[in-house]
Amino acid sequence: MPELPEVETVRQTLKHFVLNKKIISADLRYPKIIEDEPEIFKQAVSNKKILDIDRMGKYLIFLLEEQTVFIAHLRMEGKFNIKSTDTFYQKHDHIIFHFDDGTDMRYNDTRKFGRMKLVGMNYVDEPPLSQLGKEPFDITEEELYRKIHHSSLAVKTVLLDQHIMSGIGNIYANEICFHMKIDPRTKASRLSKKRTRELIEISVSVLKEAIKQGGTTIHSFDANGIHGLFQVKLSVHGQKNCTVCKNSIKKIMLNGRGTYFCPFCQKKRY
DNA sequence: AAAAGGCCCTGGTCGC
DNA sequence: TGCGACCAGGGCCTTT
């Protein structure tokens, strides 16, 4: 499930393959992925080169010629593959971009949760990107503290709220709580300014480490078939025993999300 | 207003 | 072995 580090890895990998290639046409095999009218989307992207790929939070931003921009969110299992046009489509290949050099960029998504949509040139100022909080790399202690110190939400829930900070998903939220040595259910309002600063610092280090390692692969995430590079050892998410104290990891549901923590290392701070 | 719950989807796992 | 029930979960929408 791609979070900021995985999306960043996809962005960098994809850029290597598609920059300055011209999209001849797009084939929308499962149109629901596209939030625009199919014909409008196809028309908009056709006969334009991809000039750059940017990223905000977990969104990829494709910058094309003639001030055309579309965003893509991979959600749970979305991925892009580069294939020769004459190869067979794979199961769950939903959106196909045909390039002028005989290759395709194929969007594959088993669960069809991902979405793409056209946005304006000032995409930063329009939804959904305008709704995103800053990434942990950019947010200040003051801003985060202001946003959470009255919140009754759990720390982990706050980490997952893209309006507060963007880029963190369920796996890294669990990891960050672990490194904070905090019970994920602890109310965010209990965090002091000092602990808020630590929350940012730990978020940054966890994300940076994952980017460095090429993103975490769990389940079916895959950037252009480069699997083997992604072997990030997780400290708590999906673990049976604590990687520090060896005691049993507890799994609970918090806001409908699988939440892993070590009851010994992660004490509630009330 | 904030917070909780439902929905979208498929494939894997589980129990009978 | 076969099959149905259930779970996973990001973001958006609806309900409370």
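Below, chains carry the letters A, B, ... as their sequence lines are ordered, and counting in each starts from 1.
- Ranking B/dC8, B/dA3, C/dC12 by closeness to the A/Y59 side chain, first place goes to C/dC12.
- Comparing B/dG11, C/dG11, B/dA3 by their closest approach to the side chain of A/H92 singles out B/dG11.
- Nearest-nucleotide assignment on DNA chain B puts the 5′-proximal partner with A/S151, out of A/S151 and A/Y30.
- The CG atom of A/N170 sits 10 Å away from the P atom of C/dA8 (whole-angstrom rounding).
- Distances shorter than 4.0 Å separate none of the side-chain N or O atoms of A/K32 from OP1 or OP2 on B/dC8.
- A salt bridge links A/K147 with A/E143: the distance from a Lys NZ or Arg NE/NH1/NH2 to an Asp or Glu carboxylate oxygen falls below 4.0 Å.
- One interatomic measurement links the two molecules: OH of A/Y172 to C1' of C/dG10, which rounds to 16 Å at whole-angstrom precision.
- Judged by distance alone with a 3.5 Å cut-off, no donor-acceptor contact links the side chain of A/R115 to the base of C/dG11.
- No side-chain donor-acceptor contact under 3.5 Å links A/E209 to the backbone of A/V206.
- Here A/G256 lies out of heavy-atom contact (under 4.0 Å) with every strand.
- Atom CG in A/D161 sits about 12 Å away from atom C1' in C/dC12, given to the nearest Å.
- To the nearest angstrom, P of C/dG11 lies 13 Å from CG of A/L159.
- For the helix from B/dA2-C/dT16 to B/dC16-C/dG2, the angle separating the two terminal helix axes comes to 60°, with each axis derived from five pairs and the value rounded to 10°.
- As a whole-Å value, the separation of A/L254 CG from B/dA4 C1' is 12 Å.
- Atom CG in A/L60 sits roughly 16 Å away from atom P in C/dG10 (whole-Å rounding).
- Of the listed nucleotides (C/dG10, C/dC12, B/dA3), C/dC12 has the atom at the smallest distance from the side chain of A/P128.
- Contact between A/L159 and A/C177 at its shortest, heavy atoms only, is CD1-SG, 4.0 Å.
- Between A/K58 and the phosphate of C/dG10, there is no side-chain N or O to OP1/OP2 separation shorter than 4.0 Å.
- DNA chain C is contacted by both A/H163 and A/F113; A/F113 maps to the nucleotide lying nearer its 5′ end (nearest heavy atom per residue).
- A parallel orientation is assigned to the rings of A/F70 and A/F97, their planes being inclined by less than 30° (bins at 30° and 60°).
- In this structure, A/M253 atom CE and C/dG10 atom P are separated by 11 Å, rounded to whole Å.
- To the nearest angstrom, P of B/dC8 lies 13 Å from CZ of A/R75.
- At a threshold of 4.5 Å between side-chain heavy atoms, the hydrophobic network of Ile, Leu, Val, Met, Phe, Trp and Tyr places A/F261 and A/I168 in two separate groups.
- Phosphate proximity of B/dA3 to A/N255: absent, as no side-chain N or O sits under 4.0 Å from OP1 or OP2.
- Proximity of A/K91 to the phosphate of B/dT10: no side-chain N or O atom is located under 4.0 Å from OP1 or OP2.
- Contact between A/S166 and A/G57 at its shortest, heavy atoms only, is OG-CA, 3.9 Å.
- Counting non-hydrogen atoms under 4.0 angstrom, A/S152 reaches the backbone sugars and phosphates but no base.
- Within 4.0 Å (heavy atoms only), A/K117 reaches no atom of the nucleic acid at all.
- Two residues are said to be in side-chain contact when any heavy atoms from C-beta on lie closer than 4.5 Å; A/F178 and A/Q266 meet this criterion.
- Paired with A/H237 under the rule side-chain hydrogen bond (donor to acceptor under 3.5 Å, both in side chains), one option of A/N170, A/T259, A/N174 passes, and it is A/N174.
- Listed pair A/K251 / C/dA8 meets the phosphate criterion, a side-chain N or O lying under 4.0 Å from OP1 or OP2.
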